[in-house]
Asks: 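Encoded as structure tokens, here's the structure I'll be asking about.
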Amino acid sequence: MTDPFVLAGREYHSRLIVGTGKYRSFEETRRAVDASGAEIVTVAVRRVNITDPGKENLLDHLPLERFTILPNTAGCYTAEEAVRTVRLAREAGVGTLVKLEVIGDERTLFPDVPATIEAARQLVAEGFQVLPYVTDDPVACKRLEDLGCVAVMPLAAPIGSGLGIRNPFNLRIIVEQSGVPVIVDAGVGTASHAAEALELGCDAVLMNTAIAGARDPILMAEAMRLAVDAGRKAFLAGRIEAKLHAAASSPLDGRIR
Amino acid sequence: MVNDETRALPDGATVADLVAALGLGTRRIAVEVNRAVVPRAAYDSTTLREGDAIEVIHFVGGG
């Protein structure tokens, strides 16, 4: 495999990680995931409706032999809740890779960084491979890497906002300093945002709403796959320096007189 | 209490009995009794008592 994305010792072809929320049906979820080319998909941990458990289950549509399932701790506001959620997820049998998110504010859904660090420390000690959702703060990312997280996942913008990368300079610093993969998580709205993340040198992008909320989620999933691929190739190719003034492409010699 | 709903179970019922009664035998689920995760291997040997707080979770769509 050329240019694999290596996460927690495993190689992936795809640098796009997709969520499975907000789709109209499991069928639409599966088609969007297929179109995205993603090999890692996030899921949430929730109570079973015991009065009506339903016939179908999300995981019936996402075979474990094809996908790495990444359970999240969405909706947790304390380290304790997040740790509890992750322990349950592990027992449900999808592995030890987890997306840790401890929310600090309802309106912005920005992470509670101290609580995220506290939960990450505990989960790493319990043998989990932790991918923390975190603000685009290089110091917070460094702390999380140092305590043993297998990747850091700074946000581009608030979850579901579609605003794109608000602080490319912080992301560049995080990329420059990190010895673990940097995955942009949250805030992507359209394909150019995903490409930009990869162009900045981020290793992968995680998104849900940008695809699920599009008018045509399947088409947007394909657009994101192509954008991530293009962004990665542009990063590897080494872009030209941005200059204030023009630099002619055609030779000056030999012009007619 | 199962997921905050009251459920009556026969005396001596185990976690395995509860999971079967709910029709969840083949699903990827996890069970917590009084805030402690019950390993799958212990479903048969974990007896439930009156007033236990039980959580039964599965995976749903999320980002």
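Since we're looking at a predicted model, the values are computed, not measured.
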Asks: Partners of A/Asp229 by side chain to side chain donor-acceptor pair (under 3.5 Å), sequence neighbours excluded?
Replies: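 Expected list: A/Lys233.
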Asks: What heavy-atom pair brings A/Pro71 and A/Val45 nearest, and what distance separates the two atoms?
Replies: CB-CG2, 4.3 Å
Asks: Tell me whether A/Thr108 contacts the main-chain N or O of A/Phe110 through its side chain, where contact means a donor paired with an acceptor under 3.5 Å.
Replies: yes
Asks: So for A/Ala89, is it side chain, backbone, both, or neither that comes closer than 4.5 Å to the heavy atoms of chain B?
Replies: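 Contact with chain B involves both backbone and side-chain atoms of A/Ala89.
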Asks: Taking donor and acceptor roles from the modelled atom types, list the N and O pairs under 3.5 Å across chain A and chain B.
Replies:
residue, atom, partner, partner atom, Å
A/Thr20, N, B/Gly62, O, 2.8
A/Thr20, OG1, B/Gly62, N, 3.0
A/Thr20, OG1, B/Gly62, O, 3.4
A/Thr42, OG1, B/Gly62, O, 2.9
A/Ala44, N, B/Val60, O, 2.8
A/Ala44, O, B/Val60, N, 2.9
A/Arg46, N, B/His58, O, 3.0
A/Arg46, O, B/His58, N, 2.9
A/Arg47, NE, B/Glu55, OE1, 2.7
A/Arg47, NH1, B/Asp4, OD2, 3.3
A/Arg47, NH2, B/Asp4, OD2, 3.4
A/Arg47, NH2, B/Glu55, OE1, 3.4
A/Arg47, NH2, B/Glu55, OE2, 2.7
A/Val48, N, B/Val56, O, 2.8
A/Val48, O, B/Asn3, ND2, 2.8
A/Ile50, O, B/Arg7, NH2, 3.3
A/Pro53, O, B/Arg27, NH2, 3.1
A/Gly54, O, B/Arg27, NH2, 2.5
A/Asn57, ND2, B/His58, ND1, 3.3
A/Asn72, ND2, B/Gly63, O, 2.5
A/Arg84, NE, B/Glu32, OE1, 3.1
A/Arg84, NE, B/Glu32, OE2, 2.8
A/Arg84, NH2, B/Glu32, OE1, 2.7
A/Glu91, OE2, B/Arg40, N, 2.8
A/Gly93, O, B/Arg28, NH1, 2.7
A/Lys99, NZ, B/Gly63, O, 3.4
A/Asn208, OD1, B/Gly63, N, 3.2

Asks: Examine distances only and state if a side-chain atom of A/Arg166 and a backbone atom of A/Ala156 form a donor-acceptor pair shorter than 3.5 Å.
Replies: no
Asks: Identify which of A/Leu88, A/Leu58, A/Val41 forms the greatest number of heavy-atom pairs closer than 4.5 Å to chain B.
Replies: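 Most heavy-atom pairs within the cutoff with chain B belong to A/Leu88.
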Asks: Report yes if the side chains of A/Thr135 and A/Val113 come closer than 4.5 Å at any heavy-atom pair, otherwise no.
Replies: yes
Asks: Under a 4.5 Å heavy-atom cutoff, which of A/Ala92, A/Gly93, A/Ala186 has the most pairs with chain B?
Replies: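 The residue among A/Ala92, A/Gly93, A/Ala186 with the greatest pair count is A/Ala92.
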Asks: May I ask you to test the B/Ile54-B/Leu18 pair for a side-chain heavy-atom distance under 4.5 Å?
Replies: yes
Asks: Which atoms of B/Leu22 are under 4.5 Å from chain A, going by heavy atoms: the side chain, the backbone, both sets, or neither?
Replies: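 Both parts, backbone and side chain.
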Asks: Heavy-atom distance under 4.5 Å to chain B: side chain of A/Leu64, backbone, both or neither?
Replies: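 Side chain only.
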Asks: Taking the side chain as every heavy atom from C-beta outward, state whether A/Cys202 and A/Ile183 have any atom pair closer than 4.5 Å.
Replies: no
Asks: Just verifying a value: how many Å separate A/Phe5 CZ and A/Leu16 CG, rounded to the nearest 0.5 Å?
Replies: 10.5 Å
Asks: Look up atom CD1 in A/Ile17 and atom CG in A/Leu206, then write down how far apart they are to the nearest 0.5 Å.
Replies: 5.0 Å
Asks: With only heavy atoms counted, which part of A/Leu59 is less than 4.5 Å from chain B, the side chain, the backbone, both or neither?
Replies: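 Looking at A/Leu59, just its side chain touches chain B.
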